[in-house]
Each structure stands twice: as C-alpha cells, then as structure tokens.
Amino acid sequence: MRPFVFFDVRTSDADGTKRFFGELLGWESDGPLLTADGAPWGGLTELPPGDDRAPQWLPYAPVSDVDAAAAKAMELGGKVVRERTDLPFGSLVVVTDPGGAAIVLFQAA
C-alpha cells in the first residue's frame, strides 16, 4: 500500500502557490488540482481571509476503515479535527497526532 494517495495544500494564496511550485519544480495545475500528465495528485485549498489555520501540506493516508482508523488515532492520543466526510470518491477524517501534526485518513469508495 502506498503511504499517501493525495496531498492538499492549504494556502492563503492559491495563485501564488501554483506559480511558485510551477516555476520552482515544474508542477502543473488544472484549476484547484495539482496534476502530472493530466492526472490529479494534489489539490489547492485557499484559506479564506481571517482563517487562523496556518498554511500547510496535508497528506492523505489510505485506510481500509476510516471510522476504525479515527478511533485508533484517538486511542493513541490524537484528536479528530474534522469529522467523517463522505464524498463520491471516498470518505475522510482529519486527525492530528499528539504533537498537533494533521493527516487525512482516507477510505476510497
């Protein structure tokens, strides 16, 4: 199993972030998605003005059961910071480890 299946960049300047990584690393973008050979591998989430969250990279880790993985994260001292969200392509829960680093637990549909 791959350790990560997707990445989200939370930024206060999506256009500047696209330009920065495009010029620095040659990354392509299509709207809010980062792409390679036309296939998405990451997304850009623009933080609204006044949002107190720090810009960050947020990796998506594949799990076979998102509810069980979220429960285990809490058992291990983590916190759920975004409750389960069901989307057409899968379900996710955002958790932080005991030190506060965030990761998305992702169960594909």
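Quick caveat: nothing in here was measured; it's all calculated off a predicted structure.
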If two hydrophobic side chains count as joined below 4.5 Å and joins carry through other members, does [X] share a cluster with [Y]?
{"X": "Leu24", "Y": "Val9", "value": "yes"}
{"X": "Leu34", "Y": "Phe7", "value": "yes"}
{"X": "Leu76", "Y": "Val81", "value": "no"}
{"X": "Leu87", "Y": "Val63", "value": "no"}
{"X": "Val80", "Y": "Leu92", "value": "no"}

Among side-chain atoms of Asp86 and Ser91, is any donor-acceptor pair under 3.5 angstrom? yes
Given 3.5 Å as the limit, does a donor-acceptor pair link the side chain of Asp30 with the main chain of Leu33, or not?
no
Shortest non-hydrogen pair, Ala102 vs Pro59, comes out as O-CD, 4.0 Å
Pro88 and Ala109 have their tightest heavy-atom pair at O-CB, 3.6 Å
>> As a quick check of understanding, evaluate side-chain contact (heavy atoms from CB on, under 4.5 Å) for Val5 and Phe106, giving each step before the final call.
In response: CA-CA 8 Å; Val5 294; Phe106 177 74; 3.8 Å; yes
Do [X] and [Y] come within less than 4.5 Å of each other through their side chains, counting heavy atoms only?
{"X": "Asp97", "Y": "Val95", "answer": "no"}
{"X": "Trp27", "Y": "Phe20", "answer": "no"}
{"X": "Val104", "Y": "Val93", "answer": "no"}

In short, salt bridge (Lys or Arg N to Asp or Glu O under 4.0 Å) pairs touching residues 10-29 with sequence neighbours left out are none
By side chain to side chain donor-acceptor pair (under 3.5 Å), Arg82 pairs with (sequence neighbours left out) Thr85
Test side chain to side chain contact (heavy atoms under 4.5 Å, CB included), reference Tyr60, set Ile103, Asp8, Val94, Leu105, output is Asp8
So CD of Gln56 and OG1 of Thr11: to nearest 0.5 Å the spacing works out to 11.0 Å
I want to know whether Phe6 and Trp57 have ring centres closer than 6.0 Å.
no
